[in-house]
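Read the structure below first, then the notes.
Here is the naming used below: chain letters follow the sequence lines, and residue numbers restart at 1 for every chain. Fair warning: this is a prediction, and the values are worked out from it, not measured in the lab.
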Amino acid sequence: MRYVVLAAAVLVFLGAGGLVWLGWYSAIAPIQPPARASFPPAAIAQGAELAALGTCMSCHTTPGGAPFAGGRAVQTPFGTIYTSNITPDPATGIGTWSEAAFRRAMRAGVGRSGRQLYPAFPYDHFTKISAADDADLYAYLMTRPPVRATAPPNDLSFPFDYRFLISAWKLLFLRTAPFHPEPAESMQWNRGAYLVQGLAHCGACHTPRNFLGAEESGDAFAGGDAEDWYAYALNKASPAPVAWTADGLYHYLRHGWQVQHGDALGPMREVTDDLAGAPDDDLHAIATYIAAGLGKHAPPGPQVATKAGPGEALYRGACAVCHGDSHGPPFAGIDLARSSALRAPTPTNLANIITDGIPATGETREPIMPGFGAVLTARQTRDLIAYLRTRFDAPHPRDGIEDAVKAARANTAQLEATR
Amino acid sequence: MTALSRRTLLSGTGALIVSVPVRGRAQTPPAVPPDTKDLPGSLKQAPYLDAWIRIDSDGTITVFTGKAELGQGIKTALLQVAAEELSVEADRPKLVTADTARTPNEGYTAGSHSMQDSGTAIRFAAAEVRQILLSEAAAIFQLPLSQLRLKDGGVEAPDGRRLNYGALVPPGILHVVAQPTTQLKAPGTYTVVSTSVPRVDIPAKVTGRQAFVQDMRLPGMLHARVVRPPHPGEQLTGLDTSAVSVMPGVVQVVQNGNFVAVVARKEFQAIKAMRALDVAARWQSAAEALPKQAGIFAYLTGLAAHDITVLDSRRPPASASKTLRARFTRAYQMHGSIGPSCAVAQLQDGVMTIWTHTQGVYPDRAAIAELLNMPPAQVRCIHVEGSGCYGHNGADDAAADAALIARAVPGQPVRVQWMREQENGWEPLGPAMVSEVQAALDARGRIVDWDYAVWSNTHSTRPGNAGSLLAGQLVAKPFAPPPPKPIPMPEGGGDRNSIPIYTLPSARVIYHFIPQMPLRVSAMRALGGYMNVFSIESFMDELALAVGADPVAFRLKHLDDERAKAVVTRAAEGFGWGRDKPPPQGHGYGFAFARYKNLAAYCAVAVEVSVERETGQTRLVRAVAAVDAGQIVNPDGLRNQVEGAILQSASWTLYESATFDAAGVTSLDWASYPIMRFNAVPDSVEVHLINRPGAPFLGAGECGQGPAAAAVANAVAHATDKRLRDLPLTRDKVKAAIGV
Amino acid sequence: MILNVNGRQETVDVDPDTPLLYVLRGELGLNGAKYGCGLGQCGACTVLVENRAVFSCVTPVVALEGKRIVTLESLGSPENPGPLQHAFIEEQAAQCGYCTAGMIMRAEGLLRRNNQPSDAEIRAAMQPNLCRCGTQVRILRAVRRAAAVVRTQAEAHG
């Protein structure tokens with residue numbers, strides 16, 4: 001028995017040691033922050049476009065904070081991670097990182113000091129970015145104004161606060177093979193594939209994850225979670241009542257809304273905001289690739305005749321005002337018969353939208369929708385959602401409503417408490 | 001004893017015929033109409049004193065003005081003026097504003113003319129009334145005037161005898177033609193004017209009392225909604241009203257050509273019926289598509305134009321040290337009144353009464369009378385406050401809509417409320433404009449040549465006649481809109497403020513007036529003054545930069561008007577201009593100055609902005625202004641107006657442009673036409689006032705629009721080293737200019 | 001149906017999908033809530049429901065049975081204005097005044113929740129409401145002034 005225990009202890013020790021060994025990377029020597037003049041302007045300009053496509057700013061910026069200075073809380077099933085400062089500040093940012101250090105972080109998820117980086121930073125996608133693009137991204141980031149800012153420490157549950165375990169995760173889930181174009185497909189498709197699989201990291205939200213938080217590679221784009229929202233499937237399981245075309249997707253990515261699909265909301269709105277800096281060609285490429293993946297899907301059934309009930313009266317008085325016979329975006333609200341939120345596998349997004357609306361930010365043309373969290377009780381919200389999902393033929397229309405409404409209202413309360 | 005003759009008291013230097021009423025006897029009107037050309041302000045239009053001031057035998061004082069309260073505070077200011085000259089407290093008189101049945105015809109409440117025209121008339125009229133009251137008392141007390149005192153609405157003798165005003169007004173005593181000059185109170189003795197009397201209308205507004213035309217409730221009042229064509233120019237080809245007529249509460253569907261409306265008992269019933277009619281109506285698209293928004297400036301400047309030489313004193317020098325040129329553009333912009341237009345109308349006993357927030361009750365009345373084919377005397381327009389209009393918005397049209405609908409339900413009052421999308425889609429916009437300027441500087445850094453041209457549609461399509469009204473264009477027998485005309489200088493329309501106030505040895509200003517209007521346009525606060533001052537004051541900064549001069553010093557160098565210089569200096573000092581401290585990272589400072597119309601108030605504005613380089617997001621951080629409006633009536637009211645002008649102009653300048661596609665306007669709500677919200681409001685706005693006691697009132701309601709715009713643009717240039725010249729200076733444009 | 005408005009039980013005869021705005025104005029003769037857009041974008045219609053600021057233009061009365069509705073009229077009168085109303089008068093925080101009622105109600109909702117709001121919190125709370133005349137700087141001052149009064153009153157009452 002003693003030998004069994006001893007053997008087990010040796011195995012664990014070896015295993016842990018193996019992990020530490022596997023996960024050990026040497027530090028890359030720090031450098032002086034490079035001068036702007038050391039980068040060709042074309043590289044900086046190209047890097048700006050790539051950073052827009054990678055939506056770096058929305059993750060690495062606190063709302064209202066300095067761009068790229070980090071500190072934004074990212075909720076994961078394992079706790080909260082705070083994004084890092086990627087301005088070229090030598091003390092608190094990446095100012096002392098050489099290009100090699102930057103590329104290693106993007107490719108392998110390792111910091112300059114050799115520290116393992118949590119895959120909340122989606123290097124499982126960024127690993128596909130070419131060296132040339134990494135160089136341009138580096139040129140762009142290193143020429144931003146340096147900001148002295150340190151993120152709060154991560155708040156992760158045991159044992160996920162031990163970074164060396166990340167090497168095990170990488171062993172299981174990180175594929176560092178470069179991007180391979182499909183010769184049978186068009187150049188535009190391949191460009192889209194390169195961007196989507198790599199820099200744009202769409203699957204990070206739109207692909208389901210396993211219990212260890214890694215994307216289910218066999219289920220790409222089958223739908224996933226993005227913080228408190230549900231990122232719809234981008235494959236044949238798409239809940240959109242009207243089929244997406246490449247043109248429609250392009251318009252959506254370019255403007256943040258599309259007349260037959262509605263408005264980008266929650267985290268997707270931040271994405272489309274960031275994409276303002278992305279070139280048209282690349283958005284067309286992404287749209288082409290995604291549209292091909294969406295393929296043909298069966299249009300939804302007709303609207304279901306529903307009994308008059310509390311939900312119906314609420315719909316007529318609160319929703320039909322804007323969503324009834326409306327002009328549709330950019331004026332007022334989308335025709336609900338076209339809404340993906342109503343037909344999604346979960347009512348999460350619908351609960352969020354109804355509770356919080358889309359707050360007005362002013363300054364730029366963006367959708368505005370009043371929230372009803374203060375007006376409707378939880379029960380009224382549930383009645384309304386049940387009515388809408390039944391009427392507009394959602395799958396399992398009554399499932400998950402209570403949890404979704406509870407979560408949406410809890411988030412609002414939390415937000416309000418911080419005001 | 002010497003009975004002091006009223007003629008002695010009242011006569012000034014004018015040779016005006018004044019009928020001299022003997023106490024107690026009704027007055028005989030003069031045989032010939034009075035010659036009014038020398039009378040101050042609107043006394044020219046309404047020379048009889050009792051058109052402006054009425055005193056009843058119980059002492060009630062009523063002041064009449066043909067102007068309207070638009071939220072600019074003139075109700076209070078005019079009361080102050082009258083109260084001062086009548087030596088009573090500001091809250092003592094009652095004020096009656098624009099009403100075709102009761103008040104003088106002062107045209108439009110526009111162009112910042114209220115104090116200059118109405119305030120002056122009331123001031124003089126009140127002063128003359130005071131003299132009449134004094135002389136009446138003098139005759140009764142048998143005392144010289146100099147021994148009498150005015151107090152609390154009465155005249156007092158040294159021995160304690162007192163007569164209230166009510167006892168000093170035998171019938172007809174005020175039916176006297178005004179004198180061109182009279183004894184005015186000395187500014188040094190003011191107790192009401194030049195004090196910040198609280199606005200008389202605010203208490204009702206903060207407590208939910210009836211204050212707006214939208215709040216009117218008449219017995220039996222019905223609610224109406226208009227059904228507009230989806231886009232201008234569309235023709236109604238079919239309307240099946242059968243389903244709508246039987247909807248709950250619907251009283252009537254009105255149809256007259258392309259004019260469609262529905263009347264119901266309750267307001268939401270009218271809205272539902274309107275929506276049903278929207279669906280039921282069939283419209284045929286307009287023949288012509290609108291030009292593309294992206295190419296609108298090239299399109300406009302390519303249209304036929306009448307060239308108006310506004311100024312030509314050009315003597316270009318033989319040589320110049322530096323020559324610069326620039327081109328500026330301004331997009332169509334919206335008034336964006338918070339409360340969409342509304343009116344109440346009732347046809348009773350052959351008289352159509354309309355309660356409306358039009359800026360001009362008389363012109364609107366004339367146009368509506370023509371529309372209804374009624375004698376103007378049978379149509380009465382009464383001004384009731386709406387929300388801020390900032391120029392010609394949908395108010396006049398809503399009044400016409402209400403009248404047309406009221407005619408269909410005689411005897412019953414009808415309230416018409418435009419929807420938000422109707423106000424945004426149909427209000428006349430501030431016109432898109434282009435300006436080009438070229439100037440030369442000599443070796444000493446002085447401007448030696450100036451050549452300026454501006455392109456614009458008309459800045460006024462106000463009624464006018466029935467053809468100016470939307471209803472007039474929609475009815476079965478439509479009225480033709482009158483051909484657009486330029487507003488002559490010195491007021492100007494597109495050329496308002498196109499003449500720089502600076503001393504320029506050689507200057508030319510041309511106004512390319514473009515009659516053809518792809519979109520409906522009309523007057524918006526400051527008219528061409530917003531764009532012209534933006535262009536001129538942006539360019540002044542470019543010139544200053546070219547010769548390495550400080551922007552404020554450069555302006556002072558070119559100004560000879562002492563009041564202008566005082567305002568410029570005061571704003572710069574108040575801001576802390578040029579104290580050699582550079583702005584914080586990403587911030588910039590900007591300065592601009594103009595005298596509105598070169599004849600109204602002076603206003604200089606200094607601002608600090610912050611620019612976020614990654615996004616181009618620009619925010620007004622703080623503003624300091626200085627204003628000279630002549631004799632100030634209500635200091636806080638003036639401040640309020642200028643603060644508001646600065647914020648509103650900053651919103652126009654940073655965010656605002658109406659959008660349109662081939663069919664029509666698409667910026668139909670606040671999501672598609674964003675304006676400044678609280679997150680972008682500056683940290684502080686200070687307005688320094690330079691009072692000129694005794695000087696004529698100078699209109700100030702619009703004086704801040706142009707200077708604020710240019711100050712912001714100049715500050716953005718300071719923050720980014722990039723000059724932006726195309727309004728609005730949106731985030732995208734700023735980011736594109738900055739690059740990476 | 002019966003609505004609880006300003007502490008009174010009001011019986012109104014309207015379709016259940018009628019937005020509260022039209023019931024307040026048309027059935028109950030109240031002026032505070034105003035029509036500005038009908039889309040929940042401008043806040044001119046703001047009233048309180050269970051002490052929270054809402055857009056009455058998109059709130060159907062069917063959702064409001066049993067809930068306490070508070071409008072501007074209940075905060076005070078010209079002779080006896082409440083703290084916010086008094087503050088708006090003192091600061092002369094109005095030009096045309098059309099947005100003012102909604103502003104006061106939005107601020108009232110904030111102060112009932114938090115009577116020590118920071119400037120950032122006041123701005124964030126007032127964000128849904130528009131003022132076209134540019135009076136926002138005065139409005140912020142008025143809200144700050146009222147907050148101080150409300151705090152003092154709260155402290156006085158222990």
Side-chain angles (χ1 to χ4, degrees), chain A residues 36 39 41-52 56-58 60-61 63-69 87 136 139-141 143-147 256-257 263 273-274 276-277 316-317 320-322 324-333 358-369, chain B residues 230-231 268 271-272 274-280 419-421 424-425 585-586 610-620 650-651 654-659 661 663-681 728-736 738-740:
Chain A
R36 188 185 174 101
F39 297 106
I44 301 176
Q46 183 69 7
E49 290 181 352
L50 293 168
C56 313
M57 187 144 79
S58 50
H60 283 276
T61 309
F68 303 116
T87 72
D136 288 342
Y140 173 71
L141 286 173
T143 52
R144 300 305 96 204
V147 176
W257 59 269
D263 306 309
D273 283 348
D274 272 1
R316 272 211 326 268
V321 180
C322 296
D325 305 305
S326 86
H327 301 237
F331 167 70
I358 307 174
T361 50
E363 299 185 46
T364 52
R365 277 178 247 277
E366 305 242 349
I368 304 173
M369 175 176 147
Chain B
H231 306 103
F268 193 54
I271 292 173
K272 287 206 268 202
M274 172 194 73
R275 296 220 169 96
L277 281 171
D278 271 333
V279 173
M419 307 299 284
R420 179 80 252 155
E421 55 271 27
N424 285 27
Q585 161 103 25
S610 68
V611 180
E612 174 41 71
R613 298 187 70 87
E614 286 309 319
T615 58
Q617 181 179 21
T618 304
R619 204 191 134 230
L620 177 61
S651 180
L654 290 172
Y655 315 131
E656 296 186 33
S657 61
T659 55
D661 61 15
V665 169
T666 51
S667 40
L668 298 177
D669 64 352
W670 296 115
S672 45
Y673 192 89
I675 66 174
M676 184 182 281
R677 286 188 183 262
F678 274 96
N679 57 349
V681 162
L729 314 179
T730 59
R731 221 186 259 203
D732 287 346
K733 286 181 192 162
V734 173
K735 177 152 159 72
I738 294 174
V740 291

Does some side-chain heavy atom of A/Met57 sit less than 4.5 Å from a side-chain heavy atom of B/Thr615? yes
Below 4.5 Å from any heavy atom of chain A, which atoms of B/Ile675 appear? Answer side chain, backbone, both or neither. backbone
Return the CZ to CD1 distance between B/Arg677 and A/Ile368, rounded to the nearest 0.5 Å. 4.5 Å
If you count heavy-atom pairs within less than 4.5 Å of chain A, which of B/Arg420, B/Gln585, B/Glu614 leads? B/Glu614
For A/Arg316, is it the side chain, the backbone, both or neither that has a heavy atom under 4.5 Å from a heavy atom of chain B? neither
If you compare all heavy atoms of B/Asn679 against all heavy atoms of A/Thr361, which two are closest, and at what distance to 0.1 Å? ND2-O, 3.0 Å
Would you name the heavy atoms of A/Thr364 and B/Arg731 that are closest together and state the gap between them? CG2-NE, 3.9 Å
Part of A/Glu363 within contact of chain B (heavy atom distance under 4.5 Å): both
Please report the closest heavy-atom contact between A/Pro367 and B/Ala671, naming both atoms and the distance. CA-CB, 4.2 Å
Verdict with reasoning, B/Thr659 to A/Arg365, per side-chain contact (heavy atoms from CB on, under 4.5 Å): CA-CA 11 Å; B/Thr659 55; A/Arg365 277 178 247 277; 3.3 Å; yes
In terms of heavy-atom proximity below 4.5 Å to chain A, should B/Glu612 be classed as side chain, backbone, both, or neither? side chain
